[in-house]
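Here is the structure we will look at.
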Amino acid sequence: MNRRQAYEAAQRRRALAVAGVSTFAVLAAIILMVPLAPGWPAVKASFFDGGVFVQTFPTLLQAFLIDVMIFAWSVPLILGLGLAIALARGARAPALFPLRIFGAVYVDIFRGVPVVLTIYLIGFGVPGLGLPRPWNSPYIWGTVALVLTYSAYIAEVLRSGIESIHASQRNAAICLGLSERDTMRYVILPQAIRRVVPANMNMLVALQKDVALLSFIGPVEILRQAGIYKSLLANFTPYVVAAVIFLAVTVPATRYADHLLNRDRDARS
Amino acid sequence: MPEAKLSLRGVHKSFGDNQVLRGIDLDVAAGEMICLIGASGSGKSTLLRCINQLEPIDDGTVWLDGLDISEPGLDLGPVRRRIGIVFQSYNLFPHISALDNVLLAPRRVLGEDGTARAEALFERFGLAQHMRKYPDQLSGGQQQRVAVIRALAMQPEIMLFDEITAALDPELVGEVLNVLRQLRSEGMTMILATHEMGFARELADRVCFMDGGVIVEEGPPEQIFTAPEVARTQAFLRSVLR
């Protein structure tokens, strides 16, 4: 070990020791202090009941599969509609001007309204038209609400990706005789989509959580199931169970998205 | 109407208030090689971009085989595939392999496979073993040669080269200039904007010195490089040829 390496190793040991001590101090403080709060025994009994946890976990996990299903069929619809809106917003031909306006208004509306409000309005409003089964299903209209909202976000991300591709790429394609359409399809879009994958991963993590909002209009998915248990058992532990299940999915997904973002940034620096 | 392969008359181009081209007249015969020299900002690159109509011109006319290709509203697709251009910054498509870069336009525009011709071109310019690589796996010189192949794959009648060695490390310039020598010997009609004076002198049929958006002086390389008549040409060559 040369002098520099010895110095750096010593620095690392010191940093590790400091980090360990401070982490331990904070954890100890939390563990010792929180139970001293006057309401702690009541909170512990109603939020962290081990028996309730074990009892409700299997059913809640099953209810979570409904969230996963809604998520799974929403994603392709969101990506397709988002791409269509992004392309509509970039349309330059005069005949397509209405499409362009539509794209802009669409994005403004669905980014401007809280997701839960869109879910209420569409989830209760459209079936209220008196549609026959199965077309009055809250699964359908809840999904529609999510798709409308999230495709507006995805469209904006995609558009920023398209605009980030340098004009020289377009010029090179045009000079080879490629049409505007082929230039977009074979040169600009493949690069733009690759560039916005990490940002869209974060969107999908947010979507996974927002699926739970559909509980407000009917589907017995995890959040609603937890609510049912809460009333039944007079205990809040099912909500903690639901949170744990969500974290088990979203934490790895977020980490993966961050990893992609970092790799992308490293590749471009 | 002039009879040359390519003719420019009174070509003007401005970007906002900046007049970049102020009346360019130029005739290029089939098989001729023209070198445009001049300081940065003299209008060389813009002139090339106005020839293939990447930049629409403000005034004047560009004829290709007697067809007025500067006419506003003309469908430029068929024109652009007859005029190849290679840029200083290569502008390869980074998401596809070198071979796919070359095949994209023949497939989409000409509706033909073009693989055999593309492979022959890679072979001819010594890049056969790099065909499947992606642009970022190639050196600058190799990328620029792929860009030349990509333009040639459309079988253009004229090739434009916009300072294609200016972004290269000095030791890589030679391999790209060799490609141009090869094209020259095959009789390709070429217009080069270049800072490689030795190369212009060696190969050009005609050298045009540009300054301030006009062609100040033109003639055979011997004359321009040894006995320039205009003071501005003399001053420019003194500054670059010491």
Side-chain angles (χ1 to χ4, degrees), chain A residues 79 82-83 86-87 90-97 154 157-201 259-269, chain B residues 45 48-56 75-97 100-111 114 134-136 143-144 146-162 164 167:
Chain A
L79 297 180
L83 178 59
L87 291 178
R92 292 205 189 127
L96 298 180
F97 187 70
I154 296 279
V157 171
L158 265 177
R159 201 167 67 105
S160 72
I162 290 171
E163 280 167 10
S164 76
I165 303 300
H166 198 264
S168 61
Q169 287 284 309
R170 185 182 163 274
N171 285 348
I174 294 290
C175 286
L176 285 168
L178 287 173
S179 64
E180 290 280 352
R181 194 193 148 103
D182 281 350
T183 300
M184 180 54 86
R185 178 161 162 208
Y186 294 100
V187 177
I188 310 289
L189 261 190
Q191 297 186 57
I193 288 174
R194 242 160 270 210
R195 205 168 273 190
V196 297
V197 161
N200 281 336
M201 281 289 294
H259 164 74
L260 287 181
L261 266 174
N262 287 336
R263 201 184 58 183
D264 191 52
R265 199 177 41 225
D266 292 347
R268 264 193 279 173
S269 61
Chain B
S45 290
L48 293 181
R49 286 158 172 264
C50 285
I51 288 175
N52 80 342
Q53 308 298 310
L54 183 58
E55 299 286 353
D75 174 18
L76 290 169
V79 172
R80 291 202 175 110
R81 76 188 73 144
R82 296 172 62 190
I83 307 178
I85 185 165
V86 182
F87 300 97
Q88 178 179 337
S89 49
Y90 336 138
N91 301 352
L92 292 181
F93 308 133
H95 60 296
I96 51 180
S97 70
D100 286 334
N101 263 274
V102 174
L103 289 177
L104 179 61
R107 279 185 180 155
R108 298 305 309 170
V109 182
L110 306 177
Y134 285 80
D136 62 2
Q143 288 190 54
Q144 193 58 291
V146 172
V148 174
I149 292 173
R150 183 173 69 174
L152 289 175
M154 291 299 284
Q155 299 188 296
E157 299 157 30
I158 300 178
M159 285 287 287
L160 311 175
F161 297 95
D162 187 3
I164 62 167

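Computed from heavy atoms alone, side chains included, the values below leave out hydrogens, waters and symmetry copies. Please read all numbers here as calculations on a predicted model, not as lab measurements.
- Between A:Asn171 and B:Arg49, some side-chain heavy-atom pair lies under the 4.5 Å cut-off.
- You'll find the side chain of B:Arg81 stays beyond 4.5 Å of the side chain of A:Leu176, heavy atoms only.
- Of all the heavy atoms in B:Leu92 and A:Gln169, the pair that sits closest is O-NE2, 2.9 Å.
- Distance check, rounded to the nearest 0.5 Å: OG of B:Ser89 to NE2 of A:His166 gives 8.0 Å.
- Ranking A:Gly177, A:Cys175, A:Ala173, A:Ala172 against chain B, the residue ahead of the rest is A:Cys175, based on heavy-atom pairs under 4.5 Å.
- Of the two parts of B:Leu76, neither the backbone nor the side chain holds a non-hydrogen atom closer than 4.5 Å to a non-hydrogen atom of chain A.
- Residue B:Arg82: no heavy atom, backbone or side chain, is found under 4.5 Å from chain A.
- At least one donor-acceptor pair under 3.5 Å links the side chain of B:His95 to the backbone N or O of A:Tyr186.
- For B:Asn91, the parts lying under 4.5 angstrom from a heavy atom of chain A are both the backbone and the side chain.
- Within the 4.5 angstrom heavy-atom criterion, only side-chain atoms of B:Phe87, from C-beta onward, approach chain A.
- Residue-level contacts of residues 102-110 of chain B with chain A, in order of numbering, are B:Leu104, B:Ala105, B:Arg108, B:Val109; threshold 4.5 Å between heavy atoms.
- Atom CZ in B:Phe93 sits 11.5 Å away from atom CD1 in A:Ile165 (nearest 0.5 Å).
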